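Here is the naming used below: chain letters follow the sequence lines, and residue numbers restart at 1 for every chain. If you're wondering where the values come from, they're calculated on a predicted model, not measured in any experiment.
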Amino acid sequence: MSSPKTLLSTLLRNPTTIRTKSQAKQLHAHILTTKGTCSTHLSVLLSVYSNLNLLHELLLVFNTIHSPPALAWKSLIKCYTFHGFFHKSLASFIEMRAAGEHPDRHVFPSVLKSCTLMMDLKLGESLHACIIRLGMDFDLYTGNALMNMYSKFQSLGESGTLSGAPKVLDGMPEERGKGEGENVVVTVRELSGRIVTGELVDQGRMLCFDEKSKRQMGGGEGLNNYKNNSNSNQSSVRKIFDMMPKKDLVSWNTVIAGNAQNGMYEDALTIVREMGNDNMKPDSFTLSSVLPIFAEYVDVIKGKEIHGYAIRHGLDADLFVGSSLIDMYAKCTCVEDSCRLFNLLPWHDGISWNSIIAGCVQNGLFDEGLRFFRQMLKAKIKPMHVSFSSIMPACAHLTTLHLGKQLHGYIIRCGFDDNVFIASSLVDMYAKCGNIRIARWIFDKMELHDMVSWTAMIMGYALHGHAHDAISLFEQMEMEGVKPNDVAFVAVLTACSHAGLVDEAWKYFNSMTEDFGIAPGLEHYAAVADLLSRAGRLDEAFKFISDMHIGPTGSVWSTLLSACRVQKNVELAEKVAERIFRVDPENMGAYILLSNIYSAARRWKDVEKLRIFMRNKGMKKKPACSWIEVKNKVHAFVSGDKSHPYYDRINEALEVLLEQMEREGYVPNTKEVLHDVEEEQKKNLLCRHSERLAIAFGIISTPAGTTIRVTKNIRVCMDCHTATKFISKIVGREIIVRDNSRFHHFKDGKCSCGDYW
DNA sequence: ATAGGGTTAG
């Protein structure tokens, strides 16, 4: 056991051996008792506190030192940056220089990080100038920090100025609370202004800088080369990288991440390949920069190669790599792999939870997404912005208004309701849950609207058949200078389609290509094809689809096929069906539609042929499903479903209704649908379609006058559409049915779609 | 000094 005195001198010589707060405090006590307030020893203590990120303890000591030496300043600055007090960090840097202390390689990474997180490009450039003048630009750590800074400014779209600073302050209640933040900013600005002029005129050093990098820099304008155009930041990064005399793995990873995050995927991948020549092996940082590229490319083969590399190098349990892998598999539609991976991770953080939730929801696994969300809450992981905007579409698709409202409440309590992503997802959710007024209310409360929020609202109106609201909103958006993208055009075309506005649709369709240079995609074609078909302009629709410059999918043709059914145009139907089977031989819906069309035309032989063909192919119909929310509980039904506890009462209600409906003139449209069962059974089957079970349940389980809201996973059937009109009149209720493409509001025997079914 | 997740879509 060594004496306290030798222990102290050992510790002072090796301050990094101190790993805990109590050890640090012991050292503190030793110094005070044996060395008094000698600033050299106290500075060592400060570096210990700084390494342990103990800002409070550090400040207590720092404030007792009369003229702090460089080591003390460096410790203070590093600790301020770590705790997010970027203004204080920079202000201390200025103070340090004013006190005549020389900054060195240990301080620049911290101040550069502060600039980066404050999004202050100007200040960062001044610092760069200062670094060059001090000859520190060849330092490894400083160079890495510089590259990181320029990469980040690029991905922020260079919007970074001090105006962005209050955002950074959001996470720092103490500083904001004291109202000091802004004063410090001003100080930093004034002082930094001085630095800028002071440093930039120092051309001698600039020239040296220029000569070293003449190849890439061209002209000799020193720092200006770092900021002239939008791509320049990334090339600045590359220049710094190429000039660095010594590079480590962090340097490689920084330049790779910079390229990846700025969309320069091929460059990023090239640099990964180059790493090997420098004896650098990709690590978890490298992989989690590269994986999002393959997610974006939807290249699961390459993604799996990375996964294999991760496993071979023991990196697959890393949370960052794991989250990226989950995301990559999900974006490649291999969401089962995402789930498997998620379960294999040794533990989960907020990001990995978000990845799996988003992965499920994006792949249509809404229940699974909700399950993961609940598990996350149970695991005491606090949801973040991203968690809410990922899960909200699940509520929107499932029409679970009560859940959506609960989440909305949660969002408000978290203070997230001003987030654009979340607000847009709320607008969408309320619209899809049938509450277009609240959707609009949230939309109007938003401070600024981006493309997505406009589109969500326009689409909401379109789904509800409020074409004129949709169109006027679209025009308002254009007037406010927001350039519509392809999705916005999908929304406005859908609005036209649901209201039969053929001329308007053509106007938008042409304007999209001519004025906005957006090539029509499948959805645009589908909307126009849908419009022409529903408007009964079948030949026009056929020609339009045939002339598409991308191969039409089965779903584009399908609307025309159902229109053929409505118009009883068997000849065209056969032509259309043939086109569908050519591109999509497994399209079950098309076989059924065609079979129904044959039935209506009494072409029983063709019906039979189709039926045998389908049976031989082993095709099974995806079950149609409808659901309704009653007293915050979702009740789901499939056709002929007897499993519901109230089935008997539902059945009874349907019988009574049917009797009344028939008295009012309803004739079940059995001849189009079924062929090989008895007439009475036909009627029964038809009248037990899932949406009717749901509607009947709604009628018997809610008080008179309550609006009934039913959702169906596929298009509501023609006979049910007719029947629901009768039902709405008989029970005197408003019935709202949302199917896979739109809302039908039934009231007083009429439907909002004007039978534009 | 470096890394991962988000909203709209017939």
query = Of the nucleotides dA1(B), dT7(B), dG4(B), which one has an atom closest to the side chain of Ser324(A)?
reply = dG4(B)
query = Between dT8(B), dA3(B), dT7(B), which nucleotide gets closest to the side-chain atoms of Asp450(A)?
reply = dT7(B)
Per Lys113(A) side chain, nearest of listed nucleotides dT8(B), dG6(B), dT2(B) = dT2(B)
inquiry  = If you go through the side-chain atoms of Ser425(A), does one of them form a donor-acceptor pair with the base of dT7(B) closer than 3.5 Å?
reply    = no
query = Does OP1 or OP2 of dA3(B) have a side-chain N or O of Lys152(A) closer than 4.0 Å?
reply = yes
query = dT8(B) P sits how many Å from Tyr430(A) OH, rounded?
reply = 16 Å
remark   = Of the candidates dG4(B), dA9(B), dT2(B), the side chain of Asn253(A) sits closest to dT2(B)
message = For dG6(B) and Lys331(A) - does any side-chain N or O of the residue sit under 4.0 Å from the phosphate oxygens OP1/OP2?
response = yes
task = Remember a base hit wins even if backbone is also touched, and classify Leu531(A) as base, sugar-phosphate or nothing at under 4.0 Å, heavy atoms.
result = nothing
ask   = Is there a donor on the side chain of Asn419(A) or the base of dG6(B) sitting less than 3.5 Å from an acceptor on the other?
value = yes
request  = Would you mind classifying the nucleic acid contact of Lys247(A) as base, sugar-phosphate or nothing, using non-hydrogen atoms under 4.0 angstrom?
outcome  = nothing
task = Classify the nucleic acid contact of Asp283(A) as base, sugar-phosphate or nothing, counting any heavy atom under 4.0 Å across all strands shown.
result = nothing
task = Report the distance from atom CZ of Phe373(A) to atom P of dG6(B), rounded to the nearest whole Å.
result = 15 Å
ask   = Taking atom types as modelled and ignoring hydrogens, do the side chains of Ser562(A) and Arg715(A) form a donor-acceptor contact shorter than 3.5 angstrom?
value = yes
task = Classify the nucleic acid contact of Asn485(A) as base, sugar-phosphate or nothing, counting any heavy atom under 4.0 Å across all strands shown.
result = nothing
query = Strictly under 6.0 Å, is that where the ring centroids of His498(A) and Phe743(A) end up?
reply = no
request  = Consider the side chain of Ser389(A), meaning its heavy atoms from C-beta on, and name the nucleotide among dG6(B), dT2(B), dG10(B) that approaches it most closely.
outcome  = dG6(B)
ask   = Would you call Asp104(A)-Lys74(A) a salt bridge at under 4.0 Å N-O?
value = yes
inquiry  = Does dA1(B) have its OP1 or OP2 closer than 4.0 Å to a side-chain nitrogen or oxygen of Lys246(A)?
reply    = no
task = Would you kindly give the NE2-to-P distance between His397(A) and dG10(B), to the nearest whole Å?
result = 9 Å
Donor-acceptor pair present, Ser288(A) side chain and dG4(B) base, under 3.5 Å = no
message = Once hydrogens and angles are ignored, does a donor-acceptor distance under 3.5 Å link the base of dG4(B) to the side chain of Ser323(A)?
response = yes
Side chain of Pro393(A) (C-beta onward), nearest among dA1(B), dT8(B), dG6(B) = dT8(B)
key: Out of dG6(B), dA3(B), dT8(B), whichever nucleotide has its closest atom nearest the side chain of Ser284(A)   = dA3(B)
request  = Go through the steps for Trp353(A) and Phe342(A) under the test ring pair (Phe, Tyr, Trp, His ring centres under 6.0 Å), then give the verdict.
outcome  = CA-CA 8 Å; Trp353(A) 279 108; Phe342(A) 180 82; 4.9 Å; yes
message = Of the options dA3(B), dA1(B), dA9(B), whose atoms approach the side-chain atoms of Ala145(A) most closely?
response = dA1(B)
message = For a quick check of understanding: with a heavy-atom distance under 4.0 Å over all strands, which category does Thr254(A) fall into, base, sugar-phosphate or nothing?
response = sugar-phosphate
task = Figure out the CE/P separation between Met147(A) and dA3(B), and round it to whole Å.
result = 11 Å
Under-4.0 Å side-chain N/O to phosphate OP1/OP2 contact, Gln261(A) with dG4(B) = yes
Whole-Å gap separating P (dG10(B)) and CG (Leu493(A)) = 12 Å
remark   = Per atom distances to the Ala358(A) side chain, the nearest of dA1(B), dG6(B), dG4(B) is dG6(B)
query = What integer distance in Å separates Met459(A):CE from dT8(B):P?
reply = 11 Å
key: Closest to the Ser390(A) side chain, choosing from dG6(B), dA1(B), dA9(B)   = dG6(B)
query = Which whole-number value in Å describes the distance from Met384(A) CE to dG4(B) C1'?
reply = 10 Å
ask   = Would one find a side-chain N or O of Asn148(A) under 4.0 angstrom from OP1 or OP2 of dT2(B)?
value = yes
key: N/O donor-acceptor pair under 3.5 Å between Asp278(A) side chain and Met280(A) backbone   = no
Aromatic ring proximity, centroids under 6.0 angstrom, Phe285(A) and Trp252(A) = no
request  = Answer with base, sugar-phosphate or nothing: what part of the nucleic acid does Asp486(A) contact at a heavy-atom distance below 4.0 Å?
outcome  = nothing
key: Candidate list Phe509(A), Phe516(A), Tyr525(A), test ring-ring contact (aromatic ring centres under 6.0 Å, His included), partner Phe489(A), passing option   = Phe516(A)
task = Whole angstrom is fine here: how far is it from NE2 in His313(A) over to P in dA3(B)?
result = 22 Å
